[in-house]
Novice: 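Submitted below is the structure of interest, expressed as structure tokens.
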Number of protein chains: 4
Amino acid sequence: MTVKLGPNRYGKAETRLVRVVRDGTTHHIKDINVSSALSGDMEEVHRTGSNAAVLPTDTQKNLVYAFARKHGVEEIEDFALLLARHYVSAYPSIHHARVEIEEYAWNRIPGRSRHSFVRDGGEVRTCVVHHDGDGRTTVVSGLTDLVVLNSTGSEFHGYIVDEYTTLRPTTDRILATAVTARWRHAGDGERPPYARVRECLLDAFAQTHSLSLQQTLYAMGERVLTTWPQVCEVRFALPNKHHFLVDLSPFGLDNENEVFYAADRPYGLIEGSVLREDAPDAGFAWE
Amino acid sequence: MTVKLGPNRYGKAETRLVRVVRDGTTHHIKDINVSSALSGDMEEVHRTGSNAAVLPTDTQKNLVYAFARKHGVEEIEDFALLLARHYVSAYPSIHHARVEIEEYAWNRIPGRSRHSFVRDGGEVRTCVVHHDGDGRTTVVSGLTDLVVLNSTGSEFHGYIVDEYTTLRPTTDRILATAVTARWRHAGDGERPPYARVRECLLDAFAQTHSLSLQQTLYAMGERVLTTWPQVCEVRFALPNKHHFLVDLSPFGLDNENEVFYAADRPYGLIEGSVLREDAPDAGFAWE
Amino acid sequence: MTVKLGPNRYGKAETRLVRVVRDGTTHHIKDINVSSALSGDMEEVHRTGSNAAVLPTDTQKNLVYAFARKHGVEEIEDFALLLARHYVSAYPSIHHARVEIEEYAWNRIPGRSRHSFVRDGGEVRTCVVHHDGDGRTTVVSGLTDLVVLNSTGSEFHGYIVDEYTTLRPTTDRILATAVTARWRHAGDGERPPYARVRECLLDAFAQTHSLSLQQTLYAMGERVLTTWPQVCEVRFALPNKHHFLVDLSPFGLDNENEVFYAADRPYGLIEGSVLREDAPDAGFAWE
Amino acid sequence: MTVKLGPNRYGKAETRLVRVVRDGTTHHIKDINVSSALSGDMEEVHRTGSNAAVLPTDTQKNLVYAFARKHGVEEIEDFALLLARHYVSAYPSIHHARVEIEEYAWNRIPGRSRHSFVRDGGEVRTCVVHHDGDGRTTVVSGLTDLVVLNSTGSEFHGYIVDEYTTLRPTTDRILATAVTARWRHAGDGERPPYARVRECLLDAFAQTHSLSLQQTLYAMGERVLTTWPQVCEVRFALPNKHHFLVDLSPFGLDNENEVFYAADRPYGLIEGSVLREDAPDAGFAWE
């Protein structure tokens, strides 16, 4: 029997970096978490342990800090591209680089101090960039943990009913989810501003009278695609954060969609992609 | 040898409740997490398992939901007081009640919909209320996980130096922490608005040129106490979230307080209380 | 511009189930976490919200409990197959089912009681099963969070050195990782016993003198493949849990690989697949 | 109004240390997490930021590593005592030291290698030691997250029933909890072996036919106290990890204590202390 090496990659995960830019007494901060994963001539290291083709993950960490100092960090996609291209161009044994960045938002504390910040605990901005030795590049932007809730405007009925059904149909329920959305760009050029895509997602969530979470998912994706021609595909993972109406009748109380139990597990999980008819092939974009 | 029962309490922890109030098409939501802990005639249940004096934790959960429907939920301290007083007055075997509530904030999604919300992922508002059969009541309000950062205006030097010292003094560092603050009220009457106390904390953090995190802690407590006469004590737990300047000299780069590594563990932890000279005895307020 | 629906699936995640089987006074327990994800005729629900083709996730939860009662739960792969086949055969609108199960191990508390257990906090056993309407079935078994450490027998040197290198080569370091391993079966028939595959992984980890974590990964995969002909591929995610030797020289102390700092972030992350030359196509097995 | 400083302490939390001891080719490892908290002449640092009395938390971290090298690490209580006494004796401004240690267990991987380990993911061993300038010392040992379950031998009935009761009494239920137990020693001298106290807890849990979780708590404490004269008090926090019998009657199935839903939140929480009649005053032991 012969054994062989399949797909593989290695890198440094979760290099935490805060960069401060001083503009007189006004400071700006950038708070990111960088993970790189490299592939290439990796047969030898797996079979014999020879590291001749290996760029140590420690060096990958150093590169993140050094490049932040040398080139600054503006849009996370651009910083990820910078790193990914460097890995592939500077090291012949590296044929493919994947760089993922998370960004944590901070707001200025109002007042005289221009160097004081409070962390915005909302969603985390994300990106995943791929670049390979053939010059192919993909850029996926995204966000995760954007928690949203409609307290009405959501129904659920007309589903399959069989011997295992106990759920009752409803024409008015809470719909809540923690949005993970990632949008793939048609090229590695111009991209829509992050805040505007986020706005599309929130608007579509708020404005869709929902008969199912899938319908809301589709509406959110469609809104982004019809607003931003640079985006060719949007993928979602939407946990249905169930809010169950509490039965208060044992206590002689009615409960007209007022008091809910916010459940943890189990939860529904809706995953899906919405894309343009003519979207280019995704290649390795989602890997 | 004789064995006896010491201090004890029991209750239902983390009852998650979302309440929706409809004002025409404008909805308001309240998202809380309630934990109750009761004490009283508990010898028998510990020694023989007789539950005659025990209010099941399941019933405590029911009470949270029923009371939310009957009485509404406005300030979390008031809802906690309502529950605590009920436990002690309605059940002779219960002599003392502790009710703790966490509140998660939501913001309205801008636009036409008045029933759409996005969770504010910032700090969690908290309170702990005690009430006992002798009519003694304590109210502690608070917040946790308010993450703040000053990118300058912080020094650290002049400390004890000995054979185990490797830290170098600095006159300019990042100061960052995740504030847990709890403020004790002198009585169970009027209380300062939560948002205004939070503002005091942020202002004092931002405006204090800090020579040590302890100094910042004290300034934050003092600010609350001098602004709000109803508050008699403030307690803090402030993890020092270290941001280490990365040494880029091996790469021929300087690093003038620009690129930092945000560390996880270990971390400094500063805990302290600031109180009025004439603060009434805390009793069981902090338990 | 035309927008279309891409790949999608939906289901109930993390249905927690404990099953007790009584054999006289001797009890046996099974503690699992089941997630199902279904695909099929889902155009309508995304576009119009019509749920006519939708099996509610609530019903999927019911099915897990009902099937556990009806059919019992032995090997998690078999229970997953049972559910997956049912979804596809019983509901015409469902063309593909993915069922994932985690299993938590418990040990018997020694002594007279035969119904008392203590949870084994070690690794979690996992499986992912796919089944579609064309009768294709894939079974992947696995484990996650098996934390292992070699306190010697690990080297790292001979890697790429350039201007961003600061790491020093070593011929003796701690090698530690939290193994996530998944092994794909060539068919849906006989499978090697879980405990024996786990043993292969531990043995290979312990017996490999390691020049790189990749080498250890490959050795672990190869060991499983050469021992168990039913397995055609093994995939790993191995975080390199760095243990850094503490520099005690400022305190006049040597440190001959004795005192280490166990770091959290960043960490190396090594991912890779080892497979048979003649392994059948994976199809949707890893999705 | 005058504001003053109340109780306070500061230190380095969660210093992670792994120590390897080589006995020929047989290695032994110790994996701990150390947190120190110091109190003393801290007025100035809070009021003016003068750090003259402050031992930097960075130095506290150094001390942990240096002392591990100098003195080794055997029982965690002894290592904690060593550190606590050093802080108070070596630094005049430090009047009180609290040292807390967590220990993570590892098992040897069976086979030829004597340097290969797999982490035992079960409970975490803990201790908290206090020492002050007056020579008073307290030692509390403990464990946390010891997850245990009785699949029968647990009843719950005879409790208070009122208008808010919906729970039905039961004579056969699953009883499960994640034990946090801490045992206070009468002095700082001889202590019972950790493994034997753990055994007492497991035995008492398994052997107690339980009419309430409080009864089980008391039995566990009593068992430790009657077995080990050096222990004068045991404190517990026992979350009642509810396992609800699933109602399968809608599907035409009975369910005789066979299939359960393991719930997350809310959960019961039982806290209590069991102590000797003649236990010495606890002083600051539990702080």
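Because only heavy atoms are used, hydrogens play no part in the values below, and waters and symmetry mates are left out as well, while side chains stay in. Residue numbers start from 1 in every chain, and the chains themselves are labelled A, B, ... in the order their sequence lines are given, proteins ahead of strands.
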Novice: What residue, out of B/V259, B/D264, B/V73, has the most heavy-atom pairs lying under 4.5 Å from chain A?
Specialist: B/V259

Novice: Is A/L149 close to chain B through its backbone or its side chain, or both, or neither, when contacts mean heavy atoms under 4.5 Å?
Specialist: both

Novice: Given a strict heavy-atom distance threshold of 4.5 Å, which part of B/L202 is in contact with chain A: side chain, backbone, both, or neither?
Specialist: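 Contact with chain A involves both backbone and side-chain atoms of B/L202.
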
Novice: Given a strict heavy-atom distance threshold of 4.5 Å, which part of A/P110 is in contact with chain B: side chain, backbone, both, or neither?
Specialist: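 The backbone, not the side chain.
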
Novice: Tell me, side chain or backbone of B/R112 under 4.5 Å from chain A's heavy atoms, or both, or neither?
Specialist: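 Side chain only.
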
Novice: Nearest 0.5 Å please: distance from the NZ atom of A/K70 over to the CG atom of B/L248.
Specialist: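 If I round to the nearest 0.5 Å, the distance is 10.5 Å.
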
Novice: Quick check on B/D120 against chain A: is it the side chain, the backbone, both or neither that has a heavy atom closer than 4.5 Å?
Specialist: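 Neither part.
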
Novice: Measure B/E258 against the heavy atoms of chain A and call it side chain, backbone, both or neither at under 4.5 Å.
Specialist: both

Novice: Take B/D254 and A/R69, measure what side-chain contact (heavy atoms from CB on, under 4.5 Å) needs, and give me the verdict at the end.
Specialist: CA-CA 8 Å; B/D254 62 8; A/R69 173 68 189 83; 2.4 Å; yes

Novice: Got a second to check how far A/N257's CG is from B/R22's CZ, nearest 0.5 Å?
Specialist: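 A/N257 CG to B/R22 CZ: 5.0 Å, rounded to 0.5 Å.
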
Novice: With a 4.5 angstrom heavy-atom cut-off, is it the side chain or the backbone of A/L17 that approaches chain B, or both, or neither?
Specialist: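 Both parts, backbone and side chain.
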
Novice: Between chain B and each of A/N33, A/V21, A/N62, count heavy-atom pairs under 4.5 Å; write down the option with the most.
Specialist: A/N62

Novice: Which one of B/L253, B/V246, B/D247 satisfies the side-chain contact (heavy atoms from CB on, under 4.5 Å) criterion with A/Y65?
Specialist: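 That would be B/V246; it is the only one of B/L253, B/V246, B/D247 passing the side-chain contact (heavy atoms from CB on, under 4.5 Å) with A/Y65.
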
Novice: At a heavy-atom distance under 4.5 Å, which candidate from A/S113, A/S151, A/S116 has the highest pair count against chain B?
Specialist: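 Highest number of pairs under 4.5 Å: A/S151.
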
Novice: Please look at B/L175 and chain A and tell me whether the side chain, the backbone, both or neither of the residue comes under 4.5 angstrom of a heavy atom of that chain.
Specialist: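 Neither part, no heavy atoms under 4.5 Å.
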
Novice: Could you have a look at A/R119, A/Q207, A/H115, A/R16 and say which one has the most heavy-atom pairs with chain B under 4.5 angstrom?
Specialist: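 The option with the most such pairs is A/H115.
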
Novice: Looking only at non-hydrogen atoms, find the nearest pair between B/I109 and A/A206 and report the distance.
Specialist: CG2-CB, 4.2 Å

Novice: Is chain A contacted by the side chain of B/F251, its backbone, both, or neither, given a heavy-atom distance below 4.5 Å?
Specialist: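 For B/F251, the contact with chain A is made by the side chain alone.
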
Novice: Are there more than 12 heavy atoms of other residues, nucleotides or ligands under 6.0 Å from atom NZ of A/K241?
Specialist: no

